[in-house]
Amino acid sequence: MNKKSQDNNITRNEAIKRMGKYAALTAVGTFLILNPQKAQASSPPDPGGDPFN
Amino acid sequence: MKIELAPQHSQKIGDNHVLWFESSNSYVVLSTTAYQLLTFYLESDDKHQFTFALQQHLNFTLKQTENCFSELTDFLMAVHKVKSNDVAHDNVENIPDNLVSIHYDFGHAKIRIGYGSEKLIKLIHPYISHLLSNDENQIDAEFAIFTKNGLIHLFKNGESIAHYDFENFHFLQGKFTMELVTSIYKNTVSDWMATFHSSTITNGEEAIMIIGASGSGKSTLSAVLMAKGFDLLADDFSPMLAENQHLYRFPSAISIKTGAFKIIEDLFPNFESYDLQKSISKPTNLKYLPPLSSFHTSNQHFECNKVVLVKYDNNAVNELKVCPSEKILQTLIPDSWISPQEEHSKLFLNWLKNLKFYELNYCDNNFAVSAFKELFKM
């Protein structure tokens, strides 16, 4: 659970860093980089909800 | 600057431009001004020419042009970077012989699934238990799902299809569903343009796709709409064929969480007697509501020109409104698998071009039902 929380924090921090990284471009309007899933997926489990644990 | 840095495909969607970069399979949504900056960058011979263009045409200061130049350089490096595939590796060649076999009838496709454990049965079977078959003679496709060496393995007709670690079970389930879809429709994975993380309903003439963040009420809304006479084409996993860009029927049951039991019991009188299952992946109990329409006799595919971002909230003000494309794309793209084939990406952008985007916020299911009636009339 702790590991997952840390992972989530890293992701959030990375997201904030990324937004800051392109500050001049986001200042002129929408600027989004979106990546689809690498493979077909069903709904992911809730955070901490690994079905095999 | 460098033509090879340009996106492979570009499409104007509403007020934005959506670009696609093949090496990273990234979609980039840009406002008109941001798109103009990128165009200046790509068309300029060097940094000096770019700086001059921005100062002349957009009244940028020198500092702003410097920042834009370095950010566009970084951005183009990022979207041209090939992403690694961090898949767990294992070589399991043999299917264990102690699997529990269950047979299903998907109309033209009779399927046998061998499960390696009770837990795997509990995770997969409830979604398709309404298609249970007693006919064990005809088998069009045979799946095996089992755990070995700390991984979950998926085999189809004796061949290994995929394996994932336990945390990525939702990818295994997605891959299994995709393979099941190819068996049902007698084609291959490369025939499909995308599988959207959405529910899809139809009025028998067209389909409307329902998207939303986890917990936004998609499944409950799908059940409510089904009870009110709409046909549920797919829940949670909506496959789109490249050939016609139609969404196809996948007859999965809707998983309903405890919090929505009361609403569904009022609409489906037998729901109270359905088996209660403890969710293995979420801290809640579940019941599985099968689609009302018969998979064998219903139309299999529909055109879809409308997508609705839904959000249920007890305190929401009921409203249906047109939604900016970037808000829809921000949910739709990262939640879905879109085939990385160049021609499929082009088809996807072309489909987006004609798509109408809506947002539905509601606290009242009756309002949501009326909203969908309106949407089908538009």
Side-chain angles (χ1 to χ4, degrees), chain A, chain B residues 15-16 24-34 36-37 58 64 67-68 70-72 74-75 78-79 83 85 87 119 123 147 152 162 166-167 169-171 173-175 177-178 189 194-195 197 214-215 236-237 239 255 279-283 324 326 329-330 333-338 340:
Chain A
M1 191 62 195
N2 274 342
K3 185 182 172 298
K4 281 186 187 302
S5 305
Q6 280 166 13
D7 287 350
N8 287 341
N9 284 338
I10 289 164
T11 310
R12 263 198 299 280
N13 288 342
E14 276 176 353
I16 291 162
K17 208 167 105 189
R18 180 183 261 204
M19 282 164 70
K21 190 177 172 186
Y22 299 117
L25 294 171
T26 48
V28 298
T30 308
F31 182 89
L32 298 168
I33 303 176
L34 305 172
N35 292 107
Q37 295 284 338
K38 286 178 189 165
Q40 303 84 10
S42 64
S43 280
D46 287 347
D50 172 1
F52 288 82
N53 267 337
Chain B
D15 294 333
N16 296 311
S24 60
N25 190 23
S26 299
Y27 289 86
V28 179
V29 187
L30 299 177
S31 61
T32 305
T33 312
Q36 204 176 358
L37 291 178
L58 299 171
Q64 283 172 316
N67 287 343
C68 279
S70 77
E71 285 183 14
L72 282 166
D74 286 352
F75 155 67
V79 289
K83 296 258 167 76
N85 246 348
V87 174
K119 198 166 219 173
L123 283 166
T147 56
I152 320 161
F166 295 154
E167 277 194 6
F169 176 75
H170 59 293
F171 281 117
Q173 203 163 11
K175 188 65 92 180
T177 308
M178 181 81 260
V189 175
T195 61
H197 183 207
S214 176
D236 199 49
F237 188 97
S255 70
S279 170
I280 298 178
S281 62
K282 299 180 193 234
E326 66 268 23
L329 297 179
Q330 240 178 115
I333 293 177
D335 266 6
S336 301
W337 171 78
I338 301 160

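Chain identifiers are assigned alphabetically (A, B, ...) following the order of the sequence lines, protein sequences preceding nucleic acid strands; residue numbering begins at 1 within each chain. Because the structure is predicted, anything quoted here is derived from the model rather than measured.
- At a 4.5 Å heavy-atom cutoff, the contact between Leu30(B) and chain A is made by backbone and side-chain atoms alike.
- Of the listed residues (Asn25(B), Val29(B), Asp236(B)), the one with the most heavy-atom contacts under 4.5 Å to chain A is Val29(B).
- Nearest heavy-atom pair, Gln173(B) versus Ser42(A), reported as atom, atom and distance to 0.1 Å: OE1-OG, 3.2 Å.
- For a residue to count as touching a neighbouring chain, one of its non-hydrogen atoms must lie under 4.5 Å from one of that chain's; by this rule Gln330(B) touches chain A with backbone and side chain alike.
- Interface remark: Leu329(B) contributes backbone and side-chain atoms alike to the contact with chain A (heavy atom separation under 4.5 Å).
- Looking at Asn16(B), only its side chain comes within 4.5 Å of chain A, counting heavy atoms on both sides.
- Looking only at heavy-atom pairs under 4.5 Å with chain A, the residue among Asn67(B), Thr33(B), Val28(B), Ile333(B) that has the most is Ile333(B).
- Using a 4.5 Å cut-off between heavy atoms, Ser336(B) touches chain A through its backbone atoms (N, CA, C, O) alone.
- The choice from Ala27(A), Pro36(A), Ala41(A), Gly29(A) that makes the most heavy-atom pairs within less than 4.5 Å of chain B is Pro36(A).
- Summarising the geometry, atom CG belonging to Asn35(A) is positioned 10.5 Å from atom OH belonging to Tyr27(B); distances are rounded to the nearest 0.5 Å.
- Between Lys21(A) atom NZ and Thr26(A) atom OG1 the span is 13.0 Å, to the nearest 0.5 Å.
- The two atoms that bring Tyr22(A) and Ala78(B) nearest to each other are OH-CB, 3.9 Å, heavy atoms only.
- Residue contact with chain A, scored on non-hydrogen atoms closer than 4.5 Å, involves the side chain of Phe237(B) exclusively.
- Here the closest non-hydrogen pair linking Trp337(B) and Met178(B) is CZ3-SD, 4.4 Å.
- Here the shortest heavy-atom pairing between Glu71(B) and Leu25(A) reads OE1-N, 2.9 Å.
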> Checking side-chain contact (heavy atoms from CB on, under 4.5 Å) for the pair Gln40(A)/Val189(B): CA distance, chi angles, key distance, verdict?
Replying inline: CA-CA 10 Å; Gln40(A) 303 84 10; Val189(B) 175; 3.8 Å; yes

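- Contact annotation for Asp74(B): both backbone and side-chain heavy atoms come within less than 4.5 Å of a heavy atom of chain A.
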